[in-house]
> 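Following this message is one structure expressed as structure tokens.
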Amino acid sequence: TFRSYLPRSHRTYSCVHCRAHLARHEELISKSFQGSHGRAYLFNSVVNVGCGPAEQRLLLTGLHSVADIFCQSCKTTLGWKYEQAFESSQKYKEGKFIIEMSHMVKENGWD
């Protein structure tokens with residue numbers, strides 16, 4: 001299985017289940033999101049994730065078209081990708097990714 005590796009010089013978030021890299025800390029937009037099973041982070045871009053089909057869901061902030069994302073290495077569902085926001089105040093989320101904290105671990109230089 002092909003996996004992207006982020007530079008060791010960057011603080012990264014990895015899959016807690018298999019340690020595949022998911023995102024650089026610099027791609028973090030917000031820590032104040034709610035996932036299906038608890039707190040979640042919003043990222044500008046991620047690596048090593050696959051996308052399921054888009055579907056409309058009524059979330060806390062309104063109706064969105066989202067696609068579940070999963071770790072390409074271990075296939076664990078991590079969160080979702082915002083495909084489309086139907087309210088103008090939520091458009092900034094389009095193309096961004098939610099990863100639930102329970103599926104991530106911090107690695108590389110967080111001391």
Side-chain angles (χ1 to χ4, degrees):
T1 302
F2 175 79
R3 293 195 326 189
S4 295
Y5 291 93
L6 298 171
R8 289 188 156 271
S9 60
H10 292 91
R11 292 183 293 171
T12 59
Y13 296 92
S14 299
C15 177
V16 71
H17 310 285
C18 70
R19 294 297 204 260
H21 290 172
L22 298 174
R24 294 183 321 134
H25 181 66
E26 290 79 11
E27 296 297 324
L28 178 66
I29 297 170
S30 175
K31 295 180 179 181
S32 60
F33 275 73
Q34 185 68 28
S36 300
H37 303 102
R39 289 187 53 214
Y41 289 0
L42 180 69
F43 290 94
N44 191 46
S45 67
V46 295
V47 296
N48 298 318
V49 299
C51 242
E55 62 183 33
Q56 290 186 4
R57 289 189 198 152
L58 186 57
L59 303 174
L60 294 174
T61 54
L63 184 64
H64 295 79
S65 175
V66 299
D68 285 338
I69 60 171
F70 56 90
C71 176
Q72 283 185 322
S73 182
C74 69
K75 308 303 183 207
T76 299
T77 300
L78 303 169
W80 60 82
K81 178 183 181 184
Y82 286 101
E83 298 289 350
Q84 184 179 9
F86 296 102
E87 295 181 27
S88 59
S89 65
Q90 302 299 309
K91 291 285 188 186
Y92 75 96
K93 296 177 184 175
E94 291 181 346
K96 308 294 190 286
F97 300 84
I98 286 287
I99 300 180
E100 295 185 356
M101 288 183 61
S102 61
H103 298 299
M104 290 188 299
V105 63
K106 294 177 179 179
E107 294 189 318
N108 298 335
W110 286 89
D111 298 336

> Where do S102 and V16 come nearest, in terms of heavy atoms and distance?
O-CG1, 3.4 Å

> For G52 and A67, work out which heavy atoms get closest and say how close.
O-CB, 3.3 Å

> Between T76 and L78 (side chain of the first, backbone of the second, donor and acceptor by atom type, cut-off under 3.5 Å), is there such a pair?
no

> Between E55 (side chain only) and V66 (backbone N and O only), is there a donor and an acceptor less than 3.5 Å apart?
no

> When rounded to the nearest 0.5 angstrom, what distance separates CG in L63 from CD in Q56?
5.0 Å

> Between N48 and F70, is there a side-chain heavy-atom distance shorter than 4.5 Å?
no

> Minimum heavy-atom separation for M104 to Y41, with atom names?
CE-CD2, 3.7 Å

> Got a second to check how far F86's CZ is from T61's OG1, nearest 0.5 Å?
12.0 Å

> Nearest heavy-atom pair of E100 and W80: which atoms, and what distance?
OE2-CZ3, 4.4 Å

> Would you give the length of the straight line joining atom NZ of K31 to atom CZ of R39, rounded to the nearest 0.5 angstrom?
8.0 Å

> Assert yes or no for the condition that the ring centre distance of F43 to Y13 is strictly below 6.0 Å.
yes

> Backbone N or O of A85 within a donor-acceptor pair of the K91 side chain at under 3.5 Å?
yes

> Assess whether a salt bridge exists between R11 and E107, defined as any Lys/Arg side-chain N lying under 4.0 Å from an Asp/Glu carboxylate O.
no

> Does H64 offer a backbone N or O that forms a donor-acceptor pair with the side chain of Q90 under 3.5 Å?
no

> For the residue pair A20 and S73, what are the closest heavy atoms and their distance?
CB-CB, 4.1 Å

> Kindly indicate whether the side chain of F33, heavy atoms from C-beta on, has any atom under 4.5 Å from the side chain of K93.
yes

> If you measure from OG on S45 to CD on E27, what distance do you get to the nearest 0.5 Å?
3.0 Å

> Measuring from atom SG of C15 to atom NE2 of H21, what distance do you get when rounded to the nearest 0.5 angstrom?
11.0 Å

> Find out whether L22 and V49 are in side-chain contact, i.e. whether some heavy atom of one side chain is under 4.5 Å from a heavy atom of the other.
yes

> With a 4.5 Å heavy-atom cut-off, do V46 and F97 have their side chains touching?
yes

> Hey, is K96 close enough to E94 for a salt bridge, meaning N to O under 4.0 Å?
no

> Working to the nearest 0.5 Å, report the span between CD1 of I98 and CG of D68.
12.0 Å

> In terms of hydrophobic clusters joined by side-chain contacts under 4.5 Å, are I99 and M101 together?
yes

